[in-house]
Amino acid sequence: MATRSYKDADVAGKRVLVRVDFNVPLDGAEIRDDTRIRAALPTIRNLLDRDAAVILVSHLGRPKGQPNPKYSLAPVARRLSDSLGKPVEFVEDVAGDRANAAADRLHPGEVLLLENVRFEPGEEKNDPELAARLARLADVYVNDAFGAAHRAHASTEAIARVLPSYAGALMLGEVEALQRLVDSRRDGFVAIIGGAKVSDKISVLKRLVERVEVLLIGGGMANTFLLEHGNEIGTSLAEPDALDDARSVLQLAKRRSTDVLLPTDVVIAPGIDSDQTSTVGANTVPADQSIFDIGPETIAEFVKRISAAKTIFWNGPMGVFEKAQFATGTREIARAVAASSAFSVIGGGDSVAAVEEAGVAGQVSHISTGGGASLEFVEGRALPGIEALRGEQ
Ligand code: ADP
Ligand code: MG
């Protein structure tokens, strides 16, 4: 079922409530990275150009249903105003009297940012009463917060059932790219999964192992698979509780003839801050050392598979890439994905950061703005924030 596009909404002279994802990393009141603010600009600009009055609503952090100045969106209003080159009014209220008054005063072509929607206890409960109060602020609803689409919250789901509702530009781009990925043929489909833990990503692993031709596993999660194979992994991060999960992924792979590649060599050290690194075979890690990256032989094999791919999905770094001495595996995989002519999608906060650090983000077909949301999409699950924007209104 098609997702309704905001381009088809009649917005001239109307007030449009836009759910954005302004959940930016903060250092006090300092915005450390404004990627998410910039990502929302195309939709906001388009609506302003079409003479809409734009009211923005977002969450920031986890204030747990209570006002908390630490999580105020006030700094975001200032940064957004700089990016847009026009004033952005900010109101210290989500959907009460002050928000109503500010929305009433708003003219076409003007922008208002509401306070953090998670200051309202009804937000995470998908409360219809909060959705009704938000709906009173506007005539039309646009959801551009892909990163929050896997949550059924009042500002992402319930509200879309009240107002005429549409997907914004960022949301449409995510749906198009991720749907293309999900619909890709198994032939030539290579998935690269890494990151810290198997338990975080077990459902996507189980799904992908049936959907892809080759599954490359690196990062901390590979340790649990190595353990399952009976390897000595010293003091490496591993999850004994996830051994059954690892085993069932490998059984599914066998049944579907999926190639699952684990690291054959690894970079080890006595501790995460140590420069005393060495490279050893994945089955010969000394008892007092830990695995922190994939080794050169593994990189070469993974790169070979990536170069031959027609479709690539990557989530999760190959090692502790935050430390220079363990960043090589992740950087080389990033370069290989960028150099490939395959349709490539990268999701996950840390993986995206790693690709940007490697300076190759521009050569990837699609970089998803949503970590958890992109994983759930790839798992084939229905995302409530997107479902609410589908089909006939
Ligand atoms: P993403 O945000 O891309 O989904 P994750 O959050 O799942 O990725 O995992 C990223 C984290 O995994 C990073 O902080 C990285 O340091 C850690 N990690 C990767 N490999 C290892 C390893 N071998 N041992 C410990 N931690 C690891
Ligand atoms: Mg992460």
Side-chain angles (χ1 to χ4, degrees), residues 21 23 25 32-33 35-36 61-62 146-147 150 178 191-205 207-208 216-227 231-240 242 245-246 262-274 277-280 282 285 289-295 298-299 302 312-334 337 344-358 360-361 364 366-379:
D21 178 3
N23 186 25
R32 270 195 288 120
D33 177 11
T35 308
R36 288 186 164 153
R62 298 178 182 276
F146 175 73
H150 57 318
L178 292 169
I192 313 152
I193 304 294
K197 285 152 78 194
V198 174
S199 52
D200 285 346
K201 294 176 184 171
I202 185 61
S203 35
V204 79
L205 279 168
R207 176 78 181 186
L208 283 171
L216 309 176
I217 301 180
M221 76 156 63
N223 302 343
T224 301
F225 283 90
L226 291 172
L227 196 61
N231 294 33
E232 300 288 341
I233 59 165
T235 47
S236 306
L237 169 83
E239 296 167 280
D245 283 330
L262 293 170
T264 52
D265 62 340
V266 288
V267 178
I268 58 169
I272 201 165
D273 291 313
S274 171
T277 64
S278 44
T279 301
V280 296
V285 179
Q289 306 254 332
S290 298
I291 302 171
F292 292 119
D293 197 7
I294 56 175
T298 306
I299 294 175
F302 282 16
I312 299 168
F313 174 62
W314 180 17
N315 172 281
M318 296 291 101
V320 181
F321 74 104
E322 297 94 333
K323 306 276 178 188
Q325 68 272 34
F326 308 123
T328 311
T330 303
R331 187 175 58 239
E332 293 306 314
I333 296 306
V337 172
S344 53
V345 176
I346 300 182
D350 292 298
S351 324
V352 170
V355 170
E356 272 164 9
E357 242 159 68
V360 295
V364 176
H366 181 74
I367 296 211
S368 179
T369 55
S374 66
L375 285 180
E376 290 198 17
F377 200 112
V378 170
E379 277 164 39

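Values below: every heavy atom of this structure, side chains too, minus hydrogens, waters and symmetry copies. Ligands are counted one by one from 1 in listed order, and the atoms in each one are counted from 1 as well.
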I need the atoms of ligand 1 closer than 4.0 Å to a non-hydrogen atom of [X], numbered in the order shown.
X	result
G219	20 (N), 23 (N)
P317	3 (O), 8 (O), 9 (O), 10 (C)
I291	22 (C), 23 (N), 24 (N)
A196	7 (O), 9 (O), 12 (O)
S351	1 (P), 3 (O)

In D350, the N, O or S atom nearest to the Mg ion (ligand 2) is which? OD2
Any idea which heavy atoms bring [X] and [Y] closest together, and the distance?
X	Y	result
L226	P263	CD2-O, 3.8 Å
W314	I192	CD1-O, 3.2 Å
A361	E356	CB-CG, 3.8 Å

Can you report which non-hydrogen protein atom sits closest to [atom], along with the distance?
atom	value
atom 7 (O) of ligand 1	K201 NZ, 2.7 Å
atom 18 (N) of ligand 1	G319 O, 3.9 Å
atom 21 (C) of ligand 1	G220 N, 3.2 Å

At under 4.0 Å between heavy atoms, is it the side chain or the backbone of E322 that contacts ligand 1, or both, or neither? side chain
Could you give the distance from OG (S236) to CG (N223), rounded to the nearest 0.5 Å? 4.5 Å
OG (S344) and CZ (F313) are apart, to the nearest 0.5 Å, by 11.5 Å
Could you give me the CA-CA distance, side-chain angles and deciding distance for T277 and I268, then say whether side-chain contact (heavy atoms from CB on, under 4.5 Å) is met? CA-CA 5 Å; T277 64; I268 58 169; over 6 Å; no
Less than 4.0 Å is my threshold; does some heavy atom of K323 fall inside it relative to ligand 1? no
Assess G371 for proximity to ligand 1: is some non-hydrogen atom of it under 4.0 Å away? no
Ignoring hydrogens and angles, state whether a donor on the side chain of S199 or E239 is under 3.5 Å from an acceptor on the partner side chain. yes
When you measure from the side chain of T298 to the backbone of I294, do you find a donor-acceptor pair of N or O atoms at a distance under 3.5 Å? no
Does a side-chain N-to-carboxylate-O contact under 4.0 Å join D273 and K323? yes
Look only at interatomic distance and state if F321 has a nitrogen or oxygen under 3.5 Å from any nitrogen or oxygen of ligand 1. no
When only distance counts, is D293 in polar contact with ligand 1, meaning an N/O pair under 3.5 Å? no
Identify which of V320, D350, V204 has a heavy atom lying nearest to atom 2 (O) of ligand 1. D350
When L205 is tested against each of N315, D245, I193, D200 for side chain to side chain contact (heavy atoms under 4.5 Å, CB included), which residue passes? I193
